[in-house]
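Structure, as structure tokens:
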Amino acid sequence: MIREFHRSFLIWCHMLALHMSVALTYRAQAAIWMVGGLVPLAMMLIWLEIANDGVVGGYNRSDFILYFLGMFFVRQATSVWVLFTLDRSIRRGELSLLLLRPIPPILQHSAEHIGELILRIPIIISIFLAGVILTGVGSQISCTSILLFSFALIGAWLIVFNLYYCLGLLAFWIGNAIAFDPLLFSLYTMLGGTIIPLDMFPAGVRMALSYLPFAAALDFPVQLLLGKLDVREIGLGFTVQAAWVIVLSLIRSTLWYAGLKRYSAAGA
Amino acid sequence: MHGLGLFMAFMRNSVQSEIEYRANTLVNLINSALMVILLIAILNAFFFRVETLGGWSLDQMLALFGVALILEGLIDCWLYPSLHRLSESVRRGDLDLVLVRPVDSQFAMSFSNLHIWKAPNIFIGFGIVLYSMNQLGTLSPINVAQFLLMLTCGIAIFYSIFLATCTLAFWLTMIEDVWIITYSLMEVGRFPVTAYPGWMRIVMTYVVPIAFISNVPAEAAAGLLTIDRQIAGFVVAALALGLSRWFWRYSLARYSSASS
């Protein structure tokens, strides 16, 4: 059992290295995609104009700056394209190739994503730090909040990855699973707080939204960075994250085994 | 007339290849409807906190979101399907197949593929604009005509920027998906230019004319269009079309084909 685990881990590490070098080759491409990720910073400018050096919904100038810098960070660190990879490989039968390899496809997909993330994270951190230093909001960040933020980021990544994985697996049943991408993306942007911080909503709406996976993956980590939550809220946030990771993983593995029975390896 | 005939042929071709995915139309319709409900809810919640956004009221913002939805629909069903493969065509030399045809290459490329099942967004966008005009009490034939006119100019500018970013493929063969930048422009243009700080307003009006793409049509719908804004809209549209045309021809000269 342990030996098998160890072997899978070694293979996973090799795949990680492989995908890192692939990402390095296409680094110019990654830079282009990152330009698209700067949109939250445009929202920051709008909110700063609205606040106009005052306080809106309990947020002052430095709260807004840190909030949207945090949004940028979380969005970039949890960017996932597994929906497209899965959809294509199931439709074209390329999944057979992944099935032949000695570790499960989900681990291969995760190696692809983590490999690219390792290369991207220094750039994301640099942009984030540059923003923090230039605007002078650094004093609001504490060591505790950075530590909690890092943990919540892992939870956020697992939620987003599993969510998109579930959607991608629908390709076993329907011709074009990526048709759902725009919907999920807008749910994610609007209910996660990328455009409007969830704290701006009426209290009841805000409460309801914070139980959704979108808020758990975006709003919650950023709130930890802002350091505005009390111990009870932090506990609740991590519980919601854990619950979604478990639920989505269960749905994912159910879909996976059911889908595999239908898989006909078209064209391969 | 020759151009129109070709356009119809491209349309027919696209329809035929899209018929297979007709279930997608339903999915898209559901997607769009949910998105709009969500959007209106979010916008209402937003105005719960603030009275105006850069001087725009809730109903005026709705018109702007409608315009953004039309543009998004146009990317999904026209610009992206037709132009995103340009970089691959340049790298692999597939562009030969377009160049040998006795048609203008820019025209042939620009309308090469249309995904009609993504069209619901466009209609819903128009619906939202009309609804907001009704709410604002500006729903008159003249305002609708003004709106359509300025929307045409906005689309011309947007098309030009999209084409120009795709044309960069001739210069940067290692990079795909430069069009993604245009997508982010649309995201930024979802909000009134006046809601941004001063320096951004200048950039968004004179450097990257987002103001004329999304704001001016929405102003026309709200009956707020001034004559100088309108004239500026025409000038910018003509300039954008001319410049992107020039850039296309200039870049085409660099094309060296690949294997053939």
Side-chain angles (χ1 to χ4, degrees), chain A residues 25-52 54-59 170 174-206 209 214, chain B residues 20-28 30-36 38-39 41-54 72 76 87 117-118 121 165 168 172-192 194-201 204:
Chain A
T25 315
Y26 292 100
R27 57 192 178 276
Q29 188 60 59
I32 294 285
W33 279 96
M34 286 195 76
V35 173
L38 294 174
V39 173
L41 302 186
M43 291 315 302
M44 176 174 90
L45 295 175
I46 288 187
W47 279 101
L48 287 179
E49 282 287 298
I50 293 173
N52 195 18
V55 176
V56 178
Y59 280 49
L170 292 182
I174 55 175
N176 205 350
I178 53 173
F180 289 105
D181 178 55
L183 179 66
L184 193 60
F185 184 76
S186 30
L187 283 172
Y188 194 60
T189 30
M190 291 194 244
L191 303 184
T194 324
I195 298 177
I196 302 167
L198 298 188
D199 282 328
M200 298 299 137
F201 293 143
V205 178
R206 201 250 179 277
L209 288 181
F214 314 108
Chain B
E20 198 190 333
Y21 297 108
R22 58 189 173 276
N24 277 327
T25 315
L26 191 68
V27 173
N28 272 286
I30 297 171
N31 273 356
S32 306
L34 282 176
M35 243 144 89
V36 167
L38 202 64
L39 210 77
I42 292 281
L43 215 54
N44 272 302
F46 183 83
F47 276 89
F48 165 81
R49 204 55 83 169
V50 298
E51 281 114 55
T52 64
L53 184 59
E72 206 178 318
D76 289 341
S87 63
W117 53 264
K118 295 243 170 126
N121 267 344
T165 47
L168 281 174
L172 314 161
T173 39
M174 278 300 285
I175 305 180
E176 278 176 60
D177 300 336
V178 188
W179 57 269
I180 199 83
I181 293 173
T182 325
Y183 216 94
S184 334
L185 285 187
M186 196 204 56
E187 298 267 328
V188 174
R190 237 183 246 283
F191 293 90
T194 45
Y196 291 95
W199 59 273
M200 275 281 280
R201 286 183 217 169
M204 290 168 74

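In the text below, chain A, chain B and the rest are named by the order of the sequence lines, each starting its count at 1. Remember, predicted model here, so these are calculated numbers, not experimental data.
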**OP:** Supply the atom-to-atom distance B:Leu43 CG to A:Ile196 CD1, rounded to the nearest 0.5 angstrom.
**Re:** 7.0 Å
Subject >> chain B contact via A:Ile46 - side chain, backbone, both or neither, heavy atoms under 4.5 Å >> reply: both
**OP:** Against chain A, label B:Leu53 side chain, backbone, both or neither, depending on which of its atoms sit under 4.5 Å from a heavy atom there.
**Re:** side chain
Original post:
Using non-hydrogen atoms only, which part of B:Met35 is less than 4.5 Å away from chain A: side chain, backbone, both, or neither?
Top reply: both
Subject >> A:Ile50 versus chain B, the contacting section by heavy-atom distance below 4.5 Å >> reply: side chain
Original post:
With only heavy atoms counted, which part of A:Leu48 is less than 4.5 Å from chain B, the side chain, the backbone, both or neither?
Top reply: neither
**OP:** Specify the closest pair of heavy atoms between B:Arg201 and A:Glu49, including all atoms of both residues, with the distance to one decimal.
**Re:** NH2-OE1, 3.6 Å
Subject >> Side-chain heavy-atom pair A:Leu183, B:Ile30 within 4.5 angstrom cut-off >> reply: no
Original post:
So do the side chains of B:Leu38 and A:Leu191 get within less than 4.5 Å of each other, counting heavy atoms only?
Top reply: yes
Subject >> Region of A:Asp199 in contact with chain B, defined by heavy-atom distances below 4.5 Å >> reply: backbone
